[in-house]
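Okay, structure first, notes after.
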Amino acid sequence: MSPVLLFVILIAYFALLMGVAWATSRNANNDSFYIGNKSSNWMLVAFGMVGTTLSGATFISVPGNVGIDAFGYGQILIGYVIGYIAVAYILLPLYYRLKLTSIYHYLDVRLGRRAYQSGASFFILSRLLGATARLYLVVNILQAIILDSLGVPFWLTTLVILGMILMYTYEGGVKTIVWTDTLQTSCMLIGLVACVVYLLTQLDMTVGQSLAAMDARGLSTIFTTDVDSPNFFLKQIIAGAFIVLTMTGMDQEMMQKTISVKTLKDSQKNLLSLTLILVIVLSMFLFLGGLLYLYAPLAGVTATGDKIFPAVVMGHLPAAVQIIFLVALVSALFPSADGAITALTSSFCIDLLGLKRRDDLSEADKVKWRQRVHLGFAFLFLLLVMGFKWADSPSMIVVILKLASYTYGPLLGLFAFGLLTTRRLNDRWVPAITIGAPILCGLIEFNQAHLLGSYRLGLELLMINGILVFAGLYAISSKERRDPAAVAA
């Protein structure tokens, strides 16, 4: 299909997003931007969060990774279910009881100002790296299938896409994103279903027959029983639970949408509904990956990993499916970036700049500060996407989960210490501990052959990181509990 036509479709899709943004951002203020005035519909939030949770990395990397790890991602998926239940019934009641706008304010109330700022800082680092890795993956594919042939450089593509995201999130924030994410999730799922149905038709197989063919080729194996392997099933299940606990329950981007729902009960419905939808959708992505690897040899496609899905669709499927794929791909791109920039802006303004506590600033001044920070994060996104372009990893889902092990570990340790102990911190040492633990984890991983023999670390590095932070906090604490009433709001 003509790259020009694909480009026109991309512009038309963005115009639709702008229409939704205009309709939802009228009379918006800072509360609309941060938490949607706490009036979001829980069903919309649950459905829209599917797009944010999955992102372009899931859309491309999970099917592509089937050729490497078969259905091994299913082990992590089992852990996800456990993690979402824990978030719904342990963390959400806490956030609603404290009436939080930023979830990191809990760390201020329970542990102290430096713990609060450390937690917010690690969220900012985590989300910056994770969101830009996801953004890079999709931009790189759009570049390959459309914009290279039009002579548009990669940096300009990234700049324009970030400009588009800024245009529809600049005023409305969460209030707008709840609706745009719903639209984008719908488009992404339509693309997924269309590709599955078409490939089954081309292979002339039923679902059962295709699963049997995948099994014969070793593509449908879920559980790894080798204890020394990084993919050992118990490690993957436990790691999946902790990934959700940290990357959803302790992540401002995910939680600001969840706590934008009016009541705790509806917020829990949102999260449990999200869990059910994710299980179905991620299972379909794995199934799609199996179909791609069955179809690729028949079509003469040699691409693997992140490149196989776009190679099959854009090189061998009809124009209608290519259009659906493009819209679905872009729909996977925007939720992972728009929510991240909004959440990063919210956390930086509330947690680090303390704008909600600044009585010396007028509301108009606070809005100006928020807008400047929003633009600043967009610029950082541009720089980091260019960095990932230089690194060019073959499987970004692996990179994203690895980064999470290092950057979310300190958040896990901070929240766990606050929830599981009643001890008081000497919190001036908290920054040193939260920075030191990931560095120590890096040293352990780099030297694991000497330290651990044949055992290889996988995603359990996240838990080791959290345990090191917890132990460090315990070492600088005393039995006297910090009095939440003594902490300024």
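By convention here, the first residue in the shown sequence is residue 1. Values in this document were obtained by computation on a predicted structure and should not be read as measured data.
In this structure, the side chains of N426 and S478 stay at 4.5 Å or more apart for every pair of heavy atoms. Inter-residue side-chain proximity for L135 and L162 is flagged as met; some heavy-atom pair is nearer than 4.5 Å. For the pair F381/L344, a side-chain contact is recorded, criterion being any heavy-atom separation below 4.5 Å from C-beta on. Under the 4.5 Å side-chain criterion, counting only non-hydrogen atoms from C-beta, F71 is in contact with V66. Under the 4.5 Å side-chain criterion, counting only non-hydrogen atoms from C-beta, L142 is in contact with I161. L245 places a side-chain heavy atom less than 4.5 Å from the side chain of L91. Inter-residue side-chain proximity for T246 and D251 is flagged as unmet; no heavy-atom pair is nearer than 4.5 Å. Two residues are said to be in side-chain contact when any heavy atoms from C-beta on lie closer than 4.5 Å; L200 and T206 fail this criterion.
The side-chain contact (heavy atoms from CB on, under 4.5 Å) check on L77 picks up Y80, V279, L282, S283, with sequence neighbours excluded. Checked against side-chain contact (heavy atoms from CB on, under 4.5 Å), A432 has no partners two or more places apart in sequence or in another chain. Every side chain to side chain donor-acceptor pair (under 3.5 Å) that D215 has, sequence neighbours left out, goes to S220. In this structure Y104 satisfies the side chain to side chain donor-acceptor pair (under 3.5 Å) test with no other residue, sequence neighbours excluded. A search for side chain to side chain donor-acceptor pair (under 3.5 Å) contacts involving S477 returns R423, not counting sequence neighbours. With sequence neighbours left out, the side-chain contact (heavy atoms from CB on, under 4.5 Å) criterion links I467 to no other residue. Under the side chain to side chain donor-acceptor pair (under 3.5 Å) criterion, T407 pairs with S126, sequence neighbours left out. Listed by chain and number, the residues in a side-chain contact (heavy atoms from CB on, under 4.5 Å) with L403 are L129, F388, V399 (sequence neighbours excluded).
Pairing each heavy atom of G290 with each of L219, the nearest pair is O-CD1, 4.1 Å. P93 approaches Q268 most closely through the heavy-atom pair CG-NE2, 4.0 Å. Here the shortest heavy-atom pairing between G218 and A70 reads O-CB, 3.5 Å. Heavy-atom minimum distance, I308 versus A296: CD1-CB, 4.0 Å. The minimum heavy-atom distance between L92 and S267, with the atom names listed, is CD1-OG, 3.5 Å. In this structure, P410 and N465 approach most closely via the heavy-atom pair CD-ND2, 3.8 Å.
Considering CD1 of I190 and CD1 of I324, their distance stands at 8.0 Å, rounded to 0.5 Å. F287 contributes atom CZ, which lies 10.5 Å from atom CG of L192 (distance to the nearest 0.5 angstrom). Separating the OH atom in Y89 from the CG atom in L271 is a distance of 9.5 Å, to the nearest 0.5 Å. For the atom pair CG (L291) and CG (L211), the distance works out to 8.0 Å, reported to the nearest 0.5 Å. Remark: I103 CD1 to L411 CG distance equals 7.5 Å, nearest 0.5 Å. Rounded to the nearest 0.5 Å, atoms CZ (R113) and CG (D427) are 9.5 Å apart.
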**Asked** For M284 and V193, what are the C-alpha separation, side-chain angles and deciding distance, and is it a side-chain contact (heavy atoms from CB on, under 4.5 Å)?
**Response** CA-CA 8 Å; M284 285 187 67; V193 172; 3.8 Å; yes
**Asked** Between Y116 and L111, is a side-chain contact (heavy atoms from CB on, under 4.5 Å) present by the stated rule, with each step listed?
**Response** CA-CA 7 Å; Y116 168 40; L111 301 177; over 6 Å; no
**Item:** side-chain contact (heavy atoms from CB on, under 4.5 Å) between F285 and N65, intermediate numbers included
**Value:** CA-CA 10 Å; F285 272 112; N65 204 49; over 6 Å; no
**Request:** Start with the C-alpha distance between R110 and L414, add both sets of side-chain angles, then the distance that settles side-chain contact (heavy atoms from CB on, under 4.5 Å), and finish with yes or no.
**Result:** CA-CA 10 Å; R110 172 65 184 88; L414 285 165; over 6 Å; no
Sequence neighbours excluded and cut-off under 3.5 Å, please list the side-chain donor-acceptor pairs for residues 230-238, or say none.
{"residue": "K235", "atom": "NZ", "partner": "S229", "partner atom": "O", "Å": "2.7"}
{"residue": "K235", "atom": "NZ", "partner": "Y455", "partner atom": "OH", "Å": "3.4"}
{"residue": "K235", "atom": "NZ", "partner": "R456", "partner atom": "O", "Å": "3.0"}
{"residue": "K235", "atom": "NZ", "partner": "E460", "partner atom": "OE2", "Å": "3.4"}

Which donor-acceptor pairs under 3.5 Å do the side chains of residues 118-125 make with protein atoms, sequence neighbours left out?
{"residue": "S118", "atom": "OG", "partner": "R114", "partner atom": "O", "Å": "2.7"}
{"residue": "S121", "atom": "OG", "partner": "Q117", "partner atom": "O", "Å": "2.7"}

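Sorted by first and then second residue, the ring-ring contact (aromatic ring centres under 6.0 Å, His included) pairs involving residues 406-439 (not counting sequence neighbours) are Y106-F415, F417-F470. Evaluation of the salt bridge (charged side-chain N to carboxylate O under 4.0 Å, His left out) test over residues 115-125, restricted to residues two or more places apart or in two chains, returns none.
Between the side chain of R127 and the main chain of Q252, no donor-acceptor pair closer than 3.5 Å is present. Side chain of N140 to main chain of Y136: no donor-acceptor pair is present (N/O by atom type, distance under 3.5 Å, no hydrogens or angles). Under the 3.5 Å distance criterion, the side-chain polar atoms of Y293 are matched with a main-chain donor or acceptor of G64.
Under the side chain to side chain contact (heavy atoms under 4.5 Å, CB included) rule, Y84 has a single partner from T275, L276, L272, which is T275.
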